[in-house]
Q: 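A single structure is presented below for examination.
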Protein chains: 2
Amino acid sequence: MRMSLRYAVLGLLARRPSTGYELTQTFDRSLRSSWHARHSQIYPELAKLEAAALVEVVGLGARRSKTYAVTAAGRAELRRWLVEVEPDRSQRSESGLRLFLTPLLDPDDRQATYERDLAHVELELAALGEVQAGMQNAPEPEAFAPQVELGIRMNTVLRDWLREQIKASAT
Amino acid sequence: MRMSLRYAVLGLLARRPSTGYELTQTFDRSLRSSWHARHSQIYPELAKLEAAALVEVVGLGARRSKTYAVTAAGRAELRRWLVEVEPDRSQRSESGLRLFLTPLLDPDDRQATYERDLAHVELELAALGEVQAGMQNAPEPEAFAPQVELGIRMNTVLRDWLREQIKASAT
DNA sequence: AGTACCATGTAAGCCGTTACATGATTCT
DNA sequence: AGAATCATGTAACGGCTTACATGGTACT
């Protein structure tokens with residue numbers, strides 16, 4: 001995963017110029033399913049990207065906020081990473097680890113954890129449904145609709161699998 | 001994700017007593033889709049777990065290898081974590097980040113990256129199919145079969161989605 | 001005037017990766 | 001005898017989280 005934060009920031013700015021504060025929120029919202037970063041990581045990274053001329057300040061706003069945008073060099077570097085750098089496929093998911101270990105629990109505990117997970121997945125699906133519904137008039141270019149659709153399908157598979165496990169352990 | 005490594009090691013030892021070396025391999029194989037750890041992290045963690053009396057050395061083998069097993073206290077602590085500790089649902093997936101940013105690429109580049117991903121998912125599915133096929137006589141208790149099934153379903157959804165994107169961008 | 005939220009930054013410490021280091025056993 | 005693999009450990013470095021710190025703006 002080395003250096004991914006750099007491209008995450010570059011990528012979000014390529015979607016839309018933003019302040020560091022806005023990026024922090026986007027990490028929490030749109031990107032929370034695959035990457036996460038706190039403001040304490042984002043601000044220093046923006047400074048580094050600016051020093052490397054991959055982004056630039058395009059506006060100063062209220063409360064001494066700075067709006068950044070990618071430069072041409074930044075766009076080229078983002079493209080290079082997406083297309084030419086071999087992806088690191090490794091993942092880190094505590095939820096995945098828990099799911100992997102759940103068969104070690106006795107039936108009552110197992111069912112309880114599956115139900116906790118199911119409740120969470122259903123919330124997730126509801127949230128994704130809203131994103132999808134609010135997408136025509138949203139600031140998002142509609143090009144990202146398939147990505148939302150993928151999230152929905154993934155969570156649906158997980159939801160159905162959890163329901164099966166709960167049903168099976170109820171016998 | 002704080003402290004997850006501890007429970008990953010505890011959980012793997014609860015499945016079967018192992019040496020540090022074997023754990024390293026298991027992280028690379030069975031667990032690579034959700035967690036990963038190098039031997040340089042595993043050996044110190046085993047020492048800490050032993051100091052906390054959550055695991056113990058149950059045998060010395062060739063090449064001064066040590067086989068560890070969970071203690072009763074270790075099993076209780078693992079159960080506590082799985083059932084009572086609120087899961088950290090955050091994930092870290094460079095692949096997810098790439099997928100999220102791919103719509104920024106122009107059609108040719110986009111198709112190329114989708115095809116690269118598709119090739120990888122198909123390898124993954126083939127590997128999972130083998131795991132599933134070799135599962136009746138394997139040392140794994142069959143209780144873990146549903147987890148393998150979930151992996152297959154997830155990858156199948158991703159495969160089909162990638163195929164759709166490739167078809168759509170071919171027009 | 002006080003509270004809530006917007007907005008940016010730095011420092012300490014933990015976690016994980018890469019690299020360094022050593023020795024035992026098996027196979028050819 | 002040499003190479004490959006098994007097996008365990010430590011050290012340096014970088015990335016990420018938590019906590020500390022500060023100030024601006026809007027609302028009541």
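All values reported here derive from a predicted model rather than from experimental measurement. In what follows, chains carry the letters A, B, and so on, assigned in the order in which the sequence lines appear, proteins first and then strands, with residues in each chain numbered from 1. Computed over heavy atoms, backbone and side chain alike; hydrogens, waters and symmetry mates excluded.
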Q: Are E115(B) and R110(B) within salt-bridge range, i.e. N to O under 4.0 Å?
A: no

Q: Using atom CG of L23(A) as one end and atom P of dG9(C) as the other, report the distance to the nearest whole Å.
A: 12 Å

Q: For dC14(C) and K48(B) - does any side-chain N or O of the residue sit under 4.0 Å from the phosphate oxygens OP1/OP2?
A: no

Q: Can you tell me how far P of dT26(C) sits from OH of Y21(B), to the nearest Å?
A: 14 Å

Q: Take the protein atom CD of E22(A) and the nucleotide atom C1' of dC6(C), then report the distance between them rounded to whole Å.
A: 11 Å

Q: How many whole angstroms separate atom CD of Q25(A) from atom C1' of dC6(C)?
A: 9 Å

Q: For the pair made of OH in Y43(B) and P in dA11(D), what is the distance, rounded to whole Å?
A: 17 Å

Q: In whole Å, I'd like the distance from the CD1 atom of I42(B) to the C1' atom of dA7(D).
A: 12 Å

Q: Assigning hydrophobic clusters by single linkage (Ile, Leu, Val, Met, Phe, Trp, Tyr; side-chain heavy-atom cutoff under 4.5 Å), is L13(B) placed with V58(B)?
A: no

Q: Rounding to an integer number of Å, can you tell me how far L60(A) CG sits from dA7(C) C1'?
A: 13 Å

Q: Which nucleotide, dT8(D), dT8(C), dT10(D), lies nearest any side-chain atom of K66(B)?
A: dT8(D)

Q: Please report, rounded to the nearest Å, how far the C1' atom of dT10(D) is from the CD atom of E45(B).
A: 16 Å

Q: For a quick check, with a 4.0 angstrom heavy-atom cut-off, what is the B/S/- contact string for nucleotides 16-28 of chain D, read 5' to 3'?
A: SBBB--BSBSS--

Q: If you measure only the distance, is there a donor-acceptor pair under 3.5 Å linking the side chains of E149(A) and Q132(A)?
A: yes

Q: Show me the pairs that pass side-chain hydrogen bond (donor to acceptor under 3.5 Å, both in side chains) and involve residues 95-106 of chain A, at least two apart or across chains.
A: E94(A)-R98(A)

Q: Within 45° of the six-membered ring axis of F144(A) and under 6.0 Å from that ring's centre, is NZ or CZ of R15(A) located there?
A: yes

Q: Using distance only, find each side-chain donor-acceptor pair of residues 32-39 of chain A under 3.5 Å and give its atom names and separation, not counting sequence neighbours.
A:
{"residue": "R32(A)", "atom": "NH1", "partner": "R29(A)", "partner atom": "O", "Å": "2.8"}
{"residue": "R32(A)", "atom": "NH2", "partner": "E124(A)", "partner atom": "OE2", "Å": "3.3"}
{"residue": "H36(A)", "atom": "NE2", "partner": "D28(A)", "partner atom": "OD1", "Å": "2.8"}

